K.L.:
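Got a structure for you, questions after.
Every heavy atom of this structure was used, including side-chain atoms; hydrogens, water molecules and symmetry mates were not. Since the structure is predicted, the reported quantities are computational estimates derived from the model, not experimental observations. The first residue in the sequence is number 1, and the count goes up from there.
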Amino acid sequence: MTILVTGGAGYIGSHMVWKLVEVGEDVVVLDNLSTGFDWALPIDVRLVVGDIGDEGLVDRIMSEHSVDSVIHFAGSIVVPDSVADPLGYYLNNTVKSRALIASAVRNRVANFIFSSTAAVYGSPTEARLAEDTPTMPESPYGTSKLMTELMLRDAAAAHDIRYTALRYFNVAGADPNGRTGQSSRGATHLIKVAAEAAMGKRPHIDIFGTDYATPDGTCIRDYIHVTDLVNAHYLALQKLRDGGENLIANCGYGRGYSVHEVIRAVKQVSGVDFDLRVAGRRPGDPVTVVANADRARLQLGWEPEHDDLERIVGHALAWEEALTRRNAAAASR
């Protein structure tokens with residue numbers, strides 16, 4: 001049995017691949033390398049460079065490698081970009097996911113795990129968001145992910161395929177063993193951006209809005225370590241293979257930190273001060289997004305191991321240093 005990991009050379013996908021290899025799974029990766037890196041993968045993992053929307057290619061991969069499970073990470077993820085380019089996001093995140101699901105059905109793939117997002121909730125008033133919180137996405141990014149959830153629901157009702165959709169909150173940090181991390185240029189994730197500023201890679205960072213209805217006026221997010229997130233995926237895979245039912249589950253810690261609190265943590269852990277600038281609000285940004293992840297804990301047996309903001313920041317900073325060394329070595333060759 002082989003697991004197809006789409007977007008497996010990207011940030012979260014590469015962590016997933018390392019986890020699967022560690023536990024002895026057979027893996028094939030499909031990635032167009034638009035934001036991923038082949039060097040982020042274990043050296044002996046099979047990488048196919050291509051697009052998930054290419055159904056002929058996906059069919060061949062599934063057939064040749066006897067794929068029984070798909071873990072689907074490929075897609076576009078920047079909320080403001082989705083507001084500016086909604087059709088591009090519906091193409092990458094919805095239309096191409098539909099093609100991938102169709103290939104999975106044709107090739108009798110039994111299990112499908114989908115990387116969804118807390119952006120499907122929009123800006124509800126609940127202090128912590130549970131899976132039955134009404135879904136009211138406020139960006140094409142959130143809508144594109146919700147549409148894929150609905151396609152999976154309907155495909156599973158009509159065909160012999162089961163799925164888990166994990167709704168991510170704010171993913172951060174890096175592999176504690178230093179093998180991979182967030183490596184994309186121009187990243188927008190706060191902890192990544194602040195780590196770059198601490199390393200001198202950015203002259204300053206922008207704070208997008210200081211007039212929100214929060215204690216310090218900045219947005220609040222629930223930050224989850226990428227290693228804990230991929231562990232939730234592996235538990236979901238095991239549950240599906242054991243005959244588990246379809247599942248939608250949040251992945252977060254249930255605790256929120258404001259933009260200012262995260263920046264203070266990065267400055268404290270790094271020992272570096274850096275310049276801050278106040279900018280206007282970004283379109284599509286909700287005020288507070290914090291998870292109720294009881295379902296993942298109860299139904300998957302998920303127990304986070306890295307639920308500590310300073311630990312997340314420390315791993316992000318360590319990866320930023322490693323990435324600097326790697327890029328310098330590559331430039332000198």
Side-chain angles (χ1 to χ4, degrees), residues 1-33 35-36 40-42 45-53 57-59 61-62 64-77 92-93 96-105 107-117 145 148-149 151-153 155-156 161-168 171 175 179-180 224-242 244-251 296 299-300 302:
M1 296 186 295
T2 301
I3 302 165
L4 170 60
V5 182
T6 71
Y11 172 39
I12 304 171
S14 62
H15 286 83
M16 187 78 250
V17 172
W18 279 101
K19 169 70 177 181
L20 294 170
V21 169
E22 278 182 353
V23 297
E25 296 283 357
D26 190 38
V27 180
V28 60
V29 171
L30 175 61
D31 198 301
N32 66 9
L33 300 184
T35 58
L41 295 168
V45 164
R46 293 164 295 189
L47 168 64
V48 178
V49 179
D51 196 288
I52 63 167
L57 173 63
V58 174
D59 283 344
I61 293 170
M62 290 179 173
E64 290 173 5
H65 297 284
S66 301
V67 169
D68 81 300
S69 303
V70 171
I71 306 181
H72 177 30
F73 296 104
S76 302
I77 63 170
N92 281 339
N93 292 354
K96 292 184 180 181
S97 291
R98 183 261 171 213
L100 179 67
I101 295 166
S103 288
V105 169
N107 289 276
R108 295 186 174 88
V109 171
N111 311 305
F112 197 109
I113 298 174
F114 174 54
S115 61
S116 191
T117 173
K145 290 286 193 174
T148 303
E149 287 189 18
M151 288 191 294
L152 282 169
R153 180 199 66 187
I161 187 170
R162 288 166 311 190
Y163 74 95
T164 296
L166 297 178
R167 292 174 175 170
Y168 306 171
V171 188
D175 176 33
R179 297 169 298 189
T180 187
I224 176 174
H225 195 291
V226 61
T227 299
D228 283 333
L229 181 63
V230 300
N231 287 339
H233 285 72
Y234 188 60
L235 290 169
L237 175 64
Q238 290 177 305
K239 187 175 180 68
L240 287 174
R241 282 177 166 174
D242 289 340
E245 297 298 319
N246 301 325
L247 179 69
I248 294 173
N250 290 334
C251 289
Q299 297 200 28
L300 299 178
W302 180 60

K.L.:
If we only count heavy atoms from C-beta on, is the I248 to S116 side-chain gap below 4.5 Å?
P.N.:
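No. Closest side-chain heavy atoms not under 4.5 Å.
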K.L.:
Looking at every non-hydrogen atom in both residues, tell me the closest pair between G13 and V5 and how far apart they are.
P.N.:
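Shortest heavy-atom separation between G13 and V5 comes out as O-CG1, 4.3 Å.
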K.L.:
Atom CG of L152 and atom CG of L100: how far apart are they, to the nearest 0.5 Å?
P.N.:
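One gets 9.0 Å once the value is rounded to the nearest 0.5 Å.
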K.L.:
May I ask you to test the V58-M62 pair for a side-chain heavy-atom distance under 4.5 Å?
P.N.:
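They are in contact (side-chain heavy atoms under 4.5 Å apart), so the answer is yes.
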K.L.:
Locate the shortest heavy-atom distance separating V109 from D68; write the atom from each residue and the value.
P.N.:
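V109 and D68 have their closest heavy atoms at CG1-O, 3.4 Å.
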K.L.:
Can you find a pair of side-chain heavy atoms, one from L30 and one from L57, that are under 4.5 Å apart?
P.N.:
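In contact.
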K.L.:
Rounded to the nearest 0.5 Å, how far apart are CG of L300 and NZ of K239?
P.N.:
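Nearest 0.5 Å value for the CG-NZ distance: 6.5 Å.
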K.L.:
Nearest 0.5 Å, what's the CD1-CG distance between I71 and L237?
P.N.:
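It comes to 5.5 Å.
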K.L.:
Does a salt bridge link K19 with D175, judged by any charged N lying under 4.0 Å from a carboxylate O?
P.N.:
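A salt bridge is absent here (no side-chain N lies under 4.0 Å from a carboxylate O).
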K.L.:
Quick one, D26 and H65 - any side-chain contact, counting heavy atoms below 4.5 Å?
P.N.:
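They are not in side-chain contact.
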K.L.:
Which heavy-atom pair separates G8 from D31 by the least distance, and what is that distance?
P.N.:
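The pair with the smallest heavy-atom distance is N-OD2, 3.4 Å.
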K.L.:
Is there a donor-acceptor pair closer than 3.5 Å between any side-chain N or O of D51 and the backbone N or O of G53?
P.N.:
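Answer holds: yes.
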K.L.:
Regarding E64 and R46, does a basic nitrogen lie under 4.0 Å from an acidic carboxylate oxygen?
P.N.:
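So E64 does not pair with R46 through a salt bridge.
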K.L.:
Using distance alone, with no hydrogens and no angle criterion, decide if N111 and R162 have a side-chain donor and acceptor under 3.5 Å apart.
P.N.:
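Yes.
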K.L.:
Which is it for Y163 and R153 under the side chain to side chain contact (heavy atoms under 4.5 Å, CB included) test, yes or no, and what are the steps along the way?
P.N.:
CA-CA 8 Å; Y163 74 95; R153 180 199 66 187; 3.6 Å; yes
K.L.:
Hey, is the main chain of A236 close enough, under 3.5 Å, to the side chain of T164 for a donor-acceptor pair?
P.N.:
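Between the backbone of A236 and the side chain of T164 there is no qualifying donor-acceptor contact (under 3.5 Å).
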K.L.:
Assess whether atom CD of E22 is packed by more than 12 heavy atoms of other residues, nucleotides or ligands within 6.0 Å.
P.N.:
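Count over threshold, so yes.
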K.L.:
Considering non-hydrogen atoms only, spot the tightest contact between G10 and S14 and give its length.
P.N.:
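Nearest pair, atom of G10 first, then S14: O-OG, 2.7 Å.
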K.L.:
Sequence neighbours left out, what passes side-chain hydrogen bond (donor to acceptor under 3.5 Å, both in side chains) with S115? Give chain and number order.
P.N.:
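If we apply the side-chain hydrogen bond (donor to acceptor under 3.5 Å, both in side chains) test to S115, skipping adjacent residues, there are no hits.
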K.L.:
Just checking, any donor-acceptor pair under 3.5 angstrom between side chains of T180 and H15?
P.N.:
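Note: T180 and H15 side chains miss the donor-acceptor criterion.
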K.L.:
Locate the shortest heavy-atom distance separating V28 from I61; write the atom from each residue and the value.
P.N.:
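Closest pair (atom of V28, atom of I61, distance): CG1-CG2, 4.0 Å.
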K.L.:
To the nearest 0.5 angstrom, please state how far the CE atom of M16 sits from the OH atom of Y11.
P.N.:
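With rounding to 0.5 Å, CE (M16) is 14.0 Å from OH (Y11).
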K.L.:
Do F114 and K145 have side-chain heavy atoms sitting under 4.5 Å apart?
P.N.:
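SC-SC contact between F114 and K145 confirmed.
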K.L.:
How close do A155 and I161 get, heavy atom to heavy atom, and via which atoms?
P.N.:
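Shortest heavy-atom separation between A155 and I161 comes out as O-CG2, 4.0 Å.
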K.L.:
Closer than 3.5 angstrom, by distance alone: can the side chain of N92 be matched with the main-chain N or O of S76 as a donor-acceptor pair?
P.N.:
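Between the backbone of S76 and the side chain of N92 there is no qualifying donor-acceptor contact (under 3.5 Å).
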K.L.:
Quick one: are V17 and P42 in side-chain contact, heavy atoms under 4.5 Å?
P.N.:
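V17 reaches P42 side chain to side chain.
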K.L.:
How many angstroms lie between atom CG of L247 and atom CD1 of I113, to the nearest 0.5 angstrom?
P.N.:
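Here the interatomic distance stands at 10.0 Å.
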K.L.:
CD1 of I12 to CG of L166: how many Å apart, nearest 0.5 Å?
P.N.:
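Output value for this atom pair is 10.5 Å.
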K.L.:
Does any N or O in the side chain of T6 come within less than 3.5 Å of the main-chain N or O of F73, such that one atom is a donor and the other an acceptor?
P.N.:
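Yes; at least one donor-acceptor contact below 3.5 Å.
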K.L.:
Below 30° counts as parallel, above 60° as perpendicular, anything between as tilted: where do the rings of Y168 and H233 land?
P.N.:
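Y168 and H233: perpendicular rings.
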K.L.:
Report yes if some heavy atom in the side chain of F112 is under 4.5 Å from a heavy atom in the side chain of L240; otherwise report no.
P.N.:
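When only atoms from C-beta onward are counted, L240 and F112 do not touch, as no gap falls below 4.5 Å.
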K.L.:
Taking everything shown except R98 itself, do over 12 heavy atoms lie less than 6.0 Å from its CZ?
P.N.:
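Atom CZ in R98 is not crowded, with 12 or fewer foreign heavy atoms closer than 6.0 Å.
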